[in-house]
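These notes concern the structure reproduced below.
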Amino acid sequence: MPRRHLAPLAALLLVALFPLSGATFYVELTTKIMIMAIFALSLDLLVGWTGLVSFGHAAYFGVGAYTLALLSPKAAAAGMWSSLALAIAVAAVCALVVGIFVLRTRGIYFIMVTLAFAQMFYFVFHDTDVGGGSDGRYVNVKPDASILGFTPFDFDRPVHVYYVVLAMLVLVFLFLQRVLRSPFGRALSGIRANEQRMRALGFPVMAYKLAAFTLAGGLAGLAGWLLAAQSGFVNPEILSWHQSGNVLLMVILGGAGTPYGPIAGAFALTLLHELFSTLTTHWQLWLGISIVLIVLFMPGGLGHLVRRVRASLFGGGRDV
Amino acid sequence: MSDPILEAAGLTRRFGGLAACDGVAIALRRGELHALLGPNGAGKSTLINLLSGDLKPTSGSIRMKGEEIAQLPPERRSLRGIGRSYQKTNIFGGFTVFENARLAAQSRDPRSWAIGSDAGRDPVSRERAQRALGLAGLDAGTERKAGALSHGEQRQLEIAMVLATEPEVLLLDEPLAGMGAEESARMVALLKRLAGTHAILLVEHDMDAVFALADRITVMVNGQVLESGPPAQIRASERVQRAYLGHGDG
Ligand SMILES: Nc1ncnc2c1ncn2[C@@H]1O[C@H](COP(=O)(O)OP(=O)(O)OP(=O)(O)O)[C@@H](O)[C@H]1O
Ligand SMILES: [Mg+2]
């Protein structure tokens with residue numbers, strides 16, 4: 001096994017053993033972080049690989065979460081597998097439709113238009129009754145994971161949820177790594193590097209971008225479904241612009257376009273947030289300052305720092 | 001004379017008040033190398049950009065095998081068989097040399113949309129890429145980053161990428177500029193060979209290369225065609241002598 005897999009596998013082992021500590025609060029916090037990590041990985045497909053800086057990715061996260069909430073009857077459980085598939089599909093279709101409009105723009109306009117569309121989703125849930133308005137909606141009974149009568153796990157037990165989310169994170173990570181190496185993924189990298197040249201070579205760039213935007217939306221929907229299943233509650237804040245900015249920050253902080261960057265960013269940002277909010281009342285100021293410092297001094301994000309440390313420990317190992 | 005594969009008429013492109021390309025007519029035929037001459041700023045690159053679709057014409061028509069393509073985007077024209085190289089090297093500097101050519105070859109492959117397979121192991125695009133790199137004289141050191149190549153090698157890669165898409169029409173914007181003598185001679189030989197089976201439009205300032213290669217020559221000045229015909233006619237043309245060839249000698 002290549003040495004560059006060692007550190008991630010050690011980290012994975014640590015995370016896998018962590019619930020044995022019995023610290024329920026931290027188990028739930030880590031679950032939330034891993035959900036955000038899936039969300040951040042989905043956004044990095046756009047930001048890091050395709051060069052599309054979307055500032056509205058929370059819309060699809062929220063659509064996934066609301067799909068579960070709306071499918072859950074008041075006093076009964078929604079089926080896990082069917083509602084999960086539907087959450088992914090609905091989020092993907094929303095991204096497809098939005099993508100047709102926003103992908104005509106680029107640069108700063110793309111950032112603004114993705115934000116504007118996400119705000120439309122926000123207002124639909126905030127100002128109409130479809131999802132309970134600004135109060136949101138409860139998932140009274142957690143989804144039922146049974147397959148043909150066999151129930152592999154129970155969403156009422158935090159440790160079960162923890163492992164389900166961890167498994168999903170690993171699956172999404174491996175899936176995206178595979179996509180990155182595929183012809184489709186190589187085309188996305190080419191588009192990010194030089195769109196004009198890709199078009200001259202015959203690549204229908206718009207269609208590739210739309211496919212990436214749709215795929216990223218679907219994966220964000222999966223993360224949103226997990227959030228609703230874990231917390232048992234959805235409200236419009238899930239798809240607010242803060243959430244879009246938060247996940248974008250995770251990607252940039254961790255290192256856009258690096259395999260582990262978005263995951264590292266999700267952990268770092270959430271933990272920084274926890275740390276400062278318990279230490280000081282001015283936590284937003286300190287959080288802001290540390291983010292500015294990190295971005296200033298590590299333009300490649302945390303992933304870049306990790307690679308530098310690893311290079312100095314093991315000699316010049318390279319990835320990608 | 002056979003029917004042209006690619007034919008433009010009245011092709012005009014304005015940038016504000018400047019007509020960079022002004023009512024240009026040109027026809028490219030299979031088996032013919034058509035050289036495009038003209039002083040700096042004559043509109044040669046603009047013409048190539050119009051034919052490739054990188055620029056949309058202000059007016060005029062472009063027909064490929066009889067079909068109007070002037071409004072098609074560059075990717076559709078590329079898929080119809082128009083390949084182009086850029087005057088200013090336009091490669092993927094962060095990718096390996098091989099990946100540059102492989103990606104170019106992938107564009108022709110319906111499996112270009114696959115998300116489950118490993119692109120680096122795809123035999124079809126690998127083989128095409130290898131062949132194109134070989135033709136351009138870049139077989140060695142293809143695992144280097146393209147951005148680290150010498151200027152001349154980058155020019156070779158530029159050509160290899162065009163060849164990897166296996167076009168019928170080649171629009172080459174100063175492919176020899178910046179190449180060493182040896183690579184340049186090799187490229188001239190390659191162009192001669194390709195001219196037998198392709199339609200080629202070649203922008204080139206090196207007169208020796210142009211007169212050695214061209215079946216037809218068009219001379220542009222100030223966005224307009226000054227003269228167009230076989231090399232002997234161009235050489236003998238007084239207008240060309242005055243407007244262009246004269247510059248170099250006097
Ligand atoms: N995008 C653009 N915007 C404005 N003017 C342009 C643009 N592209 C080209 N021009 C102008 O059009 C004219 C023709 O330029 P073009 O690049 O086609 O010349 P060329 O014949 O290729 O010259 P060279 O031999 O220097 O490559 C020049 O005056 C140039 O400044
Ligand atoms: Mg030019």
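Nothing here was measured: the structure is a model prediction, and the numbers come from that model. Proteins get letters first, then strands, A, B, ... in listed order; numbering begins at 1 in each. The basis for the numbers below is simple: all heavy atoms, side chains too, and nothing from hydrogens, waters or symmetry mates.
Remark: B/E166 engages B/R128 in a salt bridge, criterion side-chain N to carboxylate O under 4.0 Å. Salt bridge B/R186/B/E183: absent, no basic N to carboxylate O contact under 4.0 Å.
Of the listed residues (B/R76, B/E99, B/R111, B/R77), the greatest number of heavy-atom pairs within a distance under 4.5 Å of chain A belongs to B/E99. Note on A/A193, A/S189, A/G185: by heavy-atom pairs under 4.5 Å with chain B, the leading option is A/S189.
Of the atoms belonging to A/Y208, heavy atoms from both backbone and side chain fall under 4.5 Å from chain B. Neither the backbone nor the side chain of B/R80 comes within contact range of chain A; no heavy atoms are under 4.5 Å apart. Only the side chain of B/T165 comes within contact range of chain A, judged by heavy atoms closer than 4.5 Å. Interface remark: B/D122 contributes no atoms to any contact with chain A (heavy atom separation under 4.5 Å). At a 4.5 Å heavy-atom cutoff, the contact between B/R102 and chain A is made by side-chain atoms alone.
Taking the ring axis of B/F95 as reference, the NZ or CZ atom of A/R186 stays within 45° of it and closer than 6.0 Å to the ring centre.
Using a 30° and 60° split on the angle between ring planes, A/H57 and A/F39 fall in the parallel class, below 30°. A/F213 and A/Y60 have perpendicular rings, their planes meeting at more than 60° on a 0 to 90° scale where under 30° would count as parallel.
Listed for the A/N194 side chain is no donor-acceptor partner under 3.5 Å among the backbone atoms of A/G190.
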